[in-house]
Amino acid sequence: MAQSPGFNFHEIPENTLAATVPAVARAMSIFEVFAREQRELSNSEIARFIGVADSSCADLLHTLYQAGYVTRTARSKRFYPTGRLLAAAQAIAENDPLLQVSREAIDLLSEKTGETALCGRLEHGFVRIIGIQEGKYALRYVMKIGEKMALHGSGLGKALLAQVDPEEAARQLRLKSLKKLTPASITDPALVERAVQEVRERGWAETRSEGIQGVGALAVGGHVGGEPVAISLTGPQERIDENREHYLRTLLDVQASVFDPRDATARPAPLKTRRRNTARAAPAT
């Protein structure tokens, strides 16, 4: 039988104080199956996907149907989620801790530097912008919440990739083709992986005209509730260079104050050491 795409029941701790309910995990895995397949499914198909008997799956689907979370076609008896789960998720998202943390982080960054501050999360081969605070300068970087950025051409992307293991970073980089956005763009996934490893070692990321000509960015990453997230300062390359040390220290200060604590092995190297390493590795613009 196929295994549930999102849950491993063997990994549930046995020494927890409260009892675990596998049926709840299986019910949630049904929605993950629909998200992946994006089509109506029969009881037998769902049972195969989550690794349970048809009769057990039928009980789960009947419960979800009675609760209004799935609908069933009259002729084919196939199932698909209703909008009820989406409505509940949207209501929950309004108070999402990740969004609250991103708001706090970018407000601090923009207040202390005057530059445009961005916050992004990793989504299927690209960066999704979840927070932005525009800078005070007349010449500043502008984006909208919900827009995408390329992983290979943005400081946010490299900082996010440095928060996941190398295997996952390699997978993310190959989900979409790496386009030549500017003459400085790195389009070879292996070279981007090497740059991401450097980010892991020094603790922060940088792009120089790699996504947009003349635009630079400095970024750091971390975790909020276990999810990788990154923040960046983005603006004209000349202004980023002029304020480089101040911007880096501000990013690292905000990183330490808003992200979940990290292991000592993941802490950035001293700033002077990082600047020397960066000078050797900086790509040409």
In the structure I gave you, are the side-chain heavy atoms of [X] and [Y] within less than 4.5 Å of one another anywhere?
{"X": "His223", "Y": "Phe259", "answer": "no"}
{"X": "Trp204", "Y": "Leu251", "answer": "no"}
{"X": "Leu173", "Y": "Leu161", "answer": "yes"}
{"X": "Cys119", "Y": "Arg103", "answer": "no"}
{"X": "Glu245", "Y": "Arg249", "answer": "yes"}
{"X": "Leu151", "Y": "Leu122", "answer": "yes"}

Show your working on side-chain contact (heavy atoms from CB on, under 4.5 Å) between Arg78 and Arg39 and close with a plain yes or no. CA-CA 10 Å; Arg78 299 171 78 83; Arg39 60 186 175 90; 3.6 Å; yes
Are [Y] and [X] linked, directly or through intermediate hydrophobic residues, by side-chain heavy-atom contacts shorter than 4.5 Å (ILVMFWY only)?
{"X": "Leu178", "Y": "Leu181", "value": "no"}
{"X": "Leu109", "Y": "Tyr137", "value": "yes"}
{"X": "Leu252", "Y": "Val199", "value": "no"}

Are any side-chain N or O atoms of [X] and backbone N or O atoms of [Y], one a donor and one an acceptor, separated by less than 3.5 Å?
{"X": "Asp54", "Y": "Ala47", "value": "no"}
{"X": "Ser232", "Y": "Thr234", "value": "no"}
{"X": "Glu210", "Y": "Arg208", "value": "yes"}
{"X": "Thr82", "Y": "Gly68", "value": "yes"}
{"X": "Thr182", "Y": "Ser209", "value": "yes"}
{"X": "Thr116", "Y": "Gly135", "value": "yes"}
{"X": "Ser110", "Y": "Ile106", "value": "no"}
{"X": "Ser185", "Y": "Thr187", "value": "no"}
{"X": "Arg128", "Y": "Glu123", "value": "no"}

Show me, pair by pair, the donor-acceptor contacts under 3.5 angstrom made by side chains of residues 58-65, not counting sequence neighbours?
residue : atom : partner : partner atom : Å
Thr63   : OG1  : Asp59   : O            : 2.9

What heavy-atom pair brings [X] and [Y] nearest, and what distance separates the two atoms?
{"X": "Leu108", "Y": "Ser257", "result": "CD1-OG, 4.4 Å"}
{"X": "Val164", "Y": "Pro228", "result": "CG1-CG, 3.9 Å"}
{"X": "Gly221", "Y": "Gln255", "result": "O-NE2, 2.8 Å"}
{"X": "Leu160", "Y": "Gly120", "result": "CD2-O, 3.7 Å"}
{"X": "Lys176", "Y": "Phe126", "result": "CE-CD2, 3.4 Å"}
{"X": "Val258", "Y": "Ala105", "result": "CG2-CB, 4.0 Å"}

Gap separating the [atom1] atom of [X] from the [atom2] atom of [Y], nearest 0.5 angstrom:
{"X": "Leu118", "Y": "Ile129", "atom1": "CG", "atom2": "CD1", "value": "5.0 Å"}
{"X": "Glu40", "Y": "Glu45", "atom1": "CD", "atom2": "CD", "value": "10.5 Å"}
{"X": "Gln90", "Y": "Leu85", "atom1": "CD", "atom2": "CG", "value": "10.0 Å"}
{"X": "Ile30", "Y": "Leu41", "atom1": "CD1", "atom2": "CG", "value": "10.0 Å"}
{"X": "Arg36", "Y": "Phe49", "atom1": "CZ", "atom2": "CZ", "value": "5.5 Å"}
{"X": "His124", "Y": "Leu175", "atom1": "NE2", "atom2": "CG", "value": "5.0 Å"}

Donor on one side chain, acceptor on other, Gln172 and Glu168, under 3.5 Å: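 Checked: Gln172/Glu168 side chains pair up, N/O donor to acceptor below 3.5 Å.
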More than 12 non-hydrogen atoms from neighbouring residues, nucleotides or ligands closer than 6.0 Å to [atom1] on [X], yes or no?
{"X": "Lys179", "atom1": "NZ", "answer": "no"}
{"X": "Arg174", "atom1": "CZ", "answer": "yes"}
{"X": "Glu37", "atom1": "CD", "answer": "yes"}

The complete set of side chain to side chain donor-acceptor pair (under 3.5 Å) pairs with one or both residues in residues 139-153, sequence neighbours excluded, reads Glu134-Arg140
Partners passing side-chain hydrogen bond (donor to acceptor under 3.5 Å, both in side chains) against Ser76 (at least two apart in sequence or in another chain):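 So Ser76 forms a side-chain hydrogen bond (donor to acceptor under 3.5 Å, both in side chains) with Thr73.
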Residue of the set Leu233, Ile231, Thr250 for which side-chain contact (heavy atoms from CB on, under 4.5 Å) holds with Val220: Ile231
The residue among Arg202, Glu198, Gln197 that forms side-chain contact (heavy atoms from CB on, under 4.5 Å) with Arg200 is Gln197
Is any side-chain N of the basic residue among Arg239 and Glu242 closer than 4.0 Å to the acidic one's carboxylate O?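 So Arg239 does not pair with Glu242 through a salt bridge.
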Charged N-O contact under 4.0 Å between Arg171 and Glu167: no
